[in-house]
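Some notes on the structure that comes next.
Lettering follows sequence order; numbering is per chain, from 1.
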Amino acid sequence: MKIKIATWNVNSVRARMTVIASWIEKEKPDILCLQELKATEEQFPRQELCDLGYHSAVNGQVRWNGVAIVSLAPLADVETDLKGFLPEQKRMISGSVHGIRLINVYVPNGRDIDHPGFQEKLRYFEVLREYALASPGPTVILGDFNVAPGPVDTHSPEEQDGMICYHPLEREQISQFFSAGFTDVFRRFYPEGKAYSWWDYRAGSFRRKRGMRLDLVLANREADEIITNCFIDMEPRGWERPSDHTPVVFEMAVSE
DNA sequence: ATGGCCGGGAAGCCCGGA
């Protein structure tokens, strides 16, 4: 059977619940990985999602960060600790479903190249890679990586070169995932051409098509082999009260 | 190009986002 999985930075799960419910109704994903909940587990709209038929595994935090995996089938072996790194920032939740390991991440933004947060961001990728490589079987890392992997993934690569989310050291970290055997799933289906998953709220960026592809699906070989499709759904970015990110969706052929 | 917009929590602004 085929299952549909999506990743979406919703920029507050409570402010976005109407939009999320509409999108679920439209796309009917089997699994939805959310980032930037800006909510604690107690504040998370578990009941509303339950009414839509979904289980929720939540790693929440007051005000900032927070991630969740929302799934029709219950999740097994849920983990929220990333090798003890940045334990106070709730940025990772992983779990297994249909024999697939899903690692849902919200990578630190880094603030600025000169800010200590930038070094923390680079380190985050290393720790995440170690964690993902230790997972046996089909494994997918998905979420908001806060990096555009290459020039076709951002609106003005020349001007942005060296800036946050398009710095050579950040892009090098994404390359390291490729060297380690992970595939950029979206680019397997769309090898070239501008494609974005985030547009700044300011400056009419969405209307002016000035965005970045910051939300990625990275699959190891076993997972990549059974992924049959991947696309970015730009529609909800144009809805009322949207997130500044839009969902990245893929499908997998699983045995049951 | 700049930054213009958002969200949350504390407070009537500030921080963080990217």
Could you work out the separation of dA10(B) and dC6(B) based on their P atoms and round it to a whole Å? 23 Å

Y166(A) OH - dA1(B) C1' separation (whole Å): 18 Å

Can you list everything that forms a side-chain hydrogen bond (donor to acceptor under 3.5 Å, both in side chains) with E170(A)? Sequence neighbours excluded, please. K121(A)

Quick check on dA1(B): is either OP1 or OP2 less than 4.0 Å from any side-chain nitrogen or oxygen of R210(A)? yes

Side-chain donor/acceptor pairs under 3.5 Å, residues 92-104 of chain A, sequence neighbours excluded:
residue : atom : partner : partner atom : Å
S94(A)  : OG   : R101(A) : NH2          : 2.9
S94(A)  : OG   : Y131(A) : OH           : 2.7
S96(A)  : OG   : R101(A) : NH1          : 2.8
H98(A)  : ND1  : E256(A) : O            : 3.0
R101(A) : NH1  : D77(A)  : O            : 2.9
R101(A) : NH2  : D77(A)  : O            : 2.9
N104(A) : OD1  : Q35(A)  : NE2          : 2.7
N104(A) : ND2  : L34(A)  : O            : 3.2
N104(A) : ND2  : A68(A)  : O            : 2.9

Does the protein touch nucleotides 9-18 of chain B at the base, only the backbone, or not at all? Give it as B, S and - per nucleotide, heavy atoms under 4.0 Å. B----BBBBB

When you measure from the side-chain N and O atoms of R241(A) to the phosphate of dG7(B), is any distance below 4.0 Å, counting only OP1 and OP2? yes

Quick one: are the ring centres of W23(A) and W239(A) less than 6.0 Å apart? no

Restricting to side-chain hydrogen bond (donor to acceptor under 3.5 Å, both in side chains), what partner residues turn up for K194(A), sequence neighbours left out? none

Interatomic distance where CH2 belongs to W239(A) and P belongs to dC6(B) [whole Å]: 18 Å

When you compare dA1(B) with dC13(B), how far apart are their C1' atoms, in angstrom units rounded to a whole number? 28 Å

Value in whole Å for how far the C1' atom of dG7(B) lies from CD of E240(A): 17 Å

Nearest-angstrom distance, C1' atom, dA18(B) to dG4(B): 15 Å

Starting at CE of M17(A) and ending at P of dG7(B), how long is that distance when rounded to a whole Å? 16 Å

Nearest-Å distance for atom pair CZ/C1', residues R207(A) and dG3(B): 14 Å

Between H155(A) and L37(A), the residue closer to the 5' end of DNA chain B by nearest nucleotide is H155(A)

State whether Y166(A) and R171(A) meet the cation-pi test: NZ (Lys) or CZ (Arg) under 6.0 Å from the six-membered ring centroid, and within 45° of the perpendicular axis. yes

All side-chain hydrogen bond (donor to acceptor under 3.5 Å, both in side chains) counterparts of R208(A), not counting sequence neighbours: none

Can you sort out the partners of E159(A) under side-chain hydrogen bond (donor to acceptor under 3.5 Å, both in side chains), two or more places apart, ordered by chain and number? none

In whole Å, what separates the P atom of dA11(B) from that of dG16(B)? 15 Å

